[in-house]
There are 4 protein chains.
Amino acid sequence: MSKIVLLTGFEPFGGESVNPSWEAANRLDGEPLVGAVVAARRLPCVFGEALSVLRGEMAALRPALVVAVGQAGGRPELSLERVAINVDDARIADNAGRRPIDRPVVPGGPAAYFSSLPIKAQAAALRAAGIPAAVSQSAGTFVCNHVFYGLMHALAGAPARGGFIHIPYLPEQAAAHPGAPSMSLDMIVAGLRLALETALTATEDIVETGGATH
Amino acid sequence: MSKIVLLTGFEPFGGESVNPSWEAANRLDGEPLVGAVVAARRLPCVFGEALSVLRGEMAALRPALVVAVGQAGGRPELSLERVAINVDDARIADNAGRRPIDRPVVPGGPAAYFSSLPIKAQAAALRAAGIPAAVSQSAGTFVCNHVFYGLMHALAGAPARGGFIHIPYLPEQAAAHPGAPSMSLDMIVAGLRLALETALTATEDIVETGGATH
Amino acid sequence: MSKIVLLTGFEPFGGESVNPSWEAANRLDGEPLVGAVVAARRLPCVFGEALSVLRGEMAALRPALVVAVGQAGGRPELSLERVAINVDDARIADNAGRRPIDRPVVPGGPAAYFSSLPIKAQAAALRAAGIPAAVSQSAGTFVCNHVFYGLMHALAGAPARGGFIHIPYLPEQAAAHPGAPSMSLDMIVAGLRLALETALTATEDIVETGGATH
Amino acid sequence: MSKIVLLTGFEPFGGESVNPSWEAANRLDGEPLVGAVVAARRLPCVFGEALSVLRGEMAALRPALVVAVGQAGGRPELSLERVAINVDDARIADNAGRRPIDRPVVPGGPAAYFSSLPIKAQAAALRAAGIPAAVSQSAGTFVCNHVFYGLMHALAGAPARGGFIHIPYLPEQAAAHPGAPSMSLDMIVAGLRLALETALTATEDIVETGGATH
């Protein structure tokens with residue numbers, strides 16, 4: 001039986017009518033990948049609720065790999081997130097109108113979790129394939145970081161690996177946001193597929209800088 | 001007999017192995033467009049020489065519309081250039097090693113020419129089609145502006161119309177320039193086709209702001 | 001009798017309660033500078049009216065040098081503007097509620113005028129003095145460019161020289177615009193003084209690139 | 001006897017001849033602040049060594065408050081850092097030529113520590129005083145984050161509080177980095193003084209968003 005790769009995207013938020021994270025994840029649903037198969041699921045863009053749905057799917061699917069994907073409007077490339085922090089601090093309201101400020105994702109949880117994806121190998125593989133990609137030092141403090149933190153908390157001590165990838169606007173979204181960069185859905189899908197394959201085949205990460213001086 | 005649309009792109013420069021302007025223009029070569037047909041030509045990225053080649057092609061083809069296209073690495077969208085200025089000021093050397101500073105493109109020529117393309121209608125049509133686009137107030141002072149100015153100088157008083165469109169890096173270029181936005185070749189090609197069609201069909205430009213406060 | 005240097009700043013616009021261009025110009029009012037004296041005047045941020053006031057002051061003062069200064073919120077340095085273009089295209093309303101789109105500053109005027117300030121020498125002198133400065137290829141299409149164009153049109157053929165300098169937000173303005181750079185009023189004043197002195201003493205501009213590839 | 005506030009800055013790095021963090025900290029050395037007095041110390045920009053010096057000073061001075069300050073060239077405002085992560089990933093070499101990649105600051109330490117400064121109250125106080133300031137979600141992965149993490153690790157369980165503040169280039173540095181924002185030394189010093197006073201007087205932080213959507 002194939003291993004399951006759980007790949008999540010979000011519903012639209014922030015006034016957008018589409019969320020590229022779900023558009024892309026959905027395109028990979030059912031896809032076979034190096035001895036695994038992708039199960040795509042859509043998460044609500046709501047604090048708390050997003051994690052309930054994620055945990056439910058993890059319990060049901062028992063995935064070997066979990067990658068959550070979210071839209072990062074304004075970023076030009078695929079962002080391999082390095083670290084999730086234990087804080088919710090919402091600059092805008094989520095889809096249920098909630099705006100937590102400086103509340104822990106998991107009360108009593110550790111300050112942060114590192115991704116257990118091979119983010120350097122993923123960034124290198126993506127760039128080698130001509131797909132703009134970078135390691136990111138912050139997934140923000142909104143629902144994306146919330147899901148990323150909750151995911152890593154759920155995986156703590158478990159053999160399954162997981163992490164978070166931020167993706168740019170689609171071109172049709174950027175057309176309404178002057179100055180915003182974008183990436184085609186085809187390339188986002190190809191990039192996510194390659195990132196998943198790299199995670200499934202890499203035994204350990206490579207040593208290559210993805211740091212920031214500040 | 002069909003009208004000719006002369007569409008130029010540039011050879012690679014600045015250490016790149018590809019120039020998306022020529023990749024895109026070449027893909028449209030021979031394409032029929034609302035009673036016209038596209039003739040794509042490649043220009044050297046060399047001050048002076050680029051204009052010689054352009055003028056030669058204009059003399060040979062007698063185009064009704066001339067659109068020059070150039071790479072603007074770092075810009076996220078298709079840029080409809082508003083104005084060409086009579087100055088060469090090269091921050092880097094061109095492909096022949098020339099680096100003119102504060103020299104006129106055409107000695108004795110006017111300070112500037114405005115594009116005679118319907119740039120507002122083009123920007124609106126592109127955005128309506130989901131393609132990121134914006135009016136730009138400056139084409140820089142390198143070979144792109146040089147060709148744009150020389151083109152408009154050559155067209156002055158003639159019935160043919162012309163202008164300049166800057167385009168982003170391709171994704172494979174941006175993959176080597178961390179933080180740089182990009183656009184897929186398919187979308188660039190679709191955008192240029194739509195911009196040409198708009199130029200061929202618009203009888204006059206629309207009134208819609210494309211300005212900058214500074 | 002000393003030569004007159006007419007230095008203009010603008011009244012606040014765009015929701016700001018202060019305009020650093022007038023704050024800085026006003027601080028230099030009456031200041032003696034290499035055989036000249038500064039006369040500072042405040043212009044309304046209104047299309048048309050701003051130029052009427054400017055022309056009136058030029059007729060009254062008969063200045064040997066005219067430098068108009070304007071706020072460029074978001075820019076980090078003093079911007080020596082290279083070229084003024086003959087177009088008004090207002091993204092926001094001016095202080096009289098006017099929002100011209102694609103109208104000429106001067107009907108029948110040339111497409112553009114170049115600054116007659118030694119902008120390369122000014123940029124070099126400022127940087128040598130530790131003041132961030134750069135040549136800019138576009139003064140936008142709002143009231144700043146409007147005044148710059150109208151100024152250069154008025155000076156055409158006259159012995160007096162003129163140009164335009166854009167300046168950053170003050171820190172107290174930037175404190176309300178997250179992510180916006182700023183410059184202290186003291187440094188803006190010192191920078192403008194040095195730029196004026198350079199204009200008064202430079203017999204010709206230096207040859208040093210201040211160009212942009214796009 | 002007054003409480004001690006230990007305020008550290010760094011020596012220059014990355015080719016700069018000055019580091020504004022030390023220039024500013026040094027200006028506050030010995031300054032009395034709401035029942036406390038500032039002791040300024042300079043840290044080497046060297047992984048490991050910087051923390052040795054810091055720990056030595058903490059042991060000697062037994063400060064009630066420790067604020068480390070570092071240069072963040074390219075940022076326009078004072079950055080109140082929220083979180084330090086347990087990773088060194090050097091994009092450039094430190095002043096001893098070391099370039100660790102993906103090594104823990106403290107082997108076996110937690111993934112991250114949150115600042116124990118009232119960062120929201122500090123950001124609000126600074127902005128109210130007209131000083132550009134923002135909460136930052138990442139202090140990078142270079143020596144600044146290294147010192148920030150090591151500091152918070154040393155303070156864990158202790159009554160003293162601590163944190164990290166990133167500051168912009170000085171104008172004279174920005175003059176050599178086209179496009180880079182800057183802040184005057186006077187304003188940096190005033191901002192640090194206000195941030196320290198806020199930390200000394202705030203009993204708890206305020207609830208005000210300082211989050212990022214991504």
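So that the names make sense, note that chain A is the first sequence line, chain B the second, and so on, each numbered from 1.
- When the candidates Ala128(D), Pro181(D), Pro171(D) are compared by the number of heavy-atom contacts under 4.5 Å with chain C, Pro171(D) comes out ahead.
- Most heavy-atom pairs under 4.5 Å with chain D, from the set Pro76(C), Pro132(C), Ala123(C): that is Pro132(C).
- Looking at Ala180(C), the atoms closer than 4.5 Å to chain D (heavy atoms on both sides) all sit in the backbone: N, CA, C or O.
- Heavy atoms closer than 4.5 Å to chain D are found nowhere in Ala134(C), neither backbone nor side chain.
- Proximity to chain C involves both the backbone and the side chain of Ala174(D), based on heavy atoms less than 4.5 angstrom apart.
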Which donor-acceptor pairs lie under 3.5 Å between chain D and chain C?
residue: Gly130(D); atom: O; partner: Glu172(C); partner atom: N; Å: 3.4
residue: Glu172(D); atom: N; partner: Gly130(C); partner atom: O; Å: 3.4

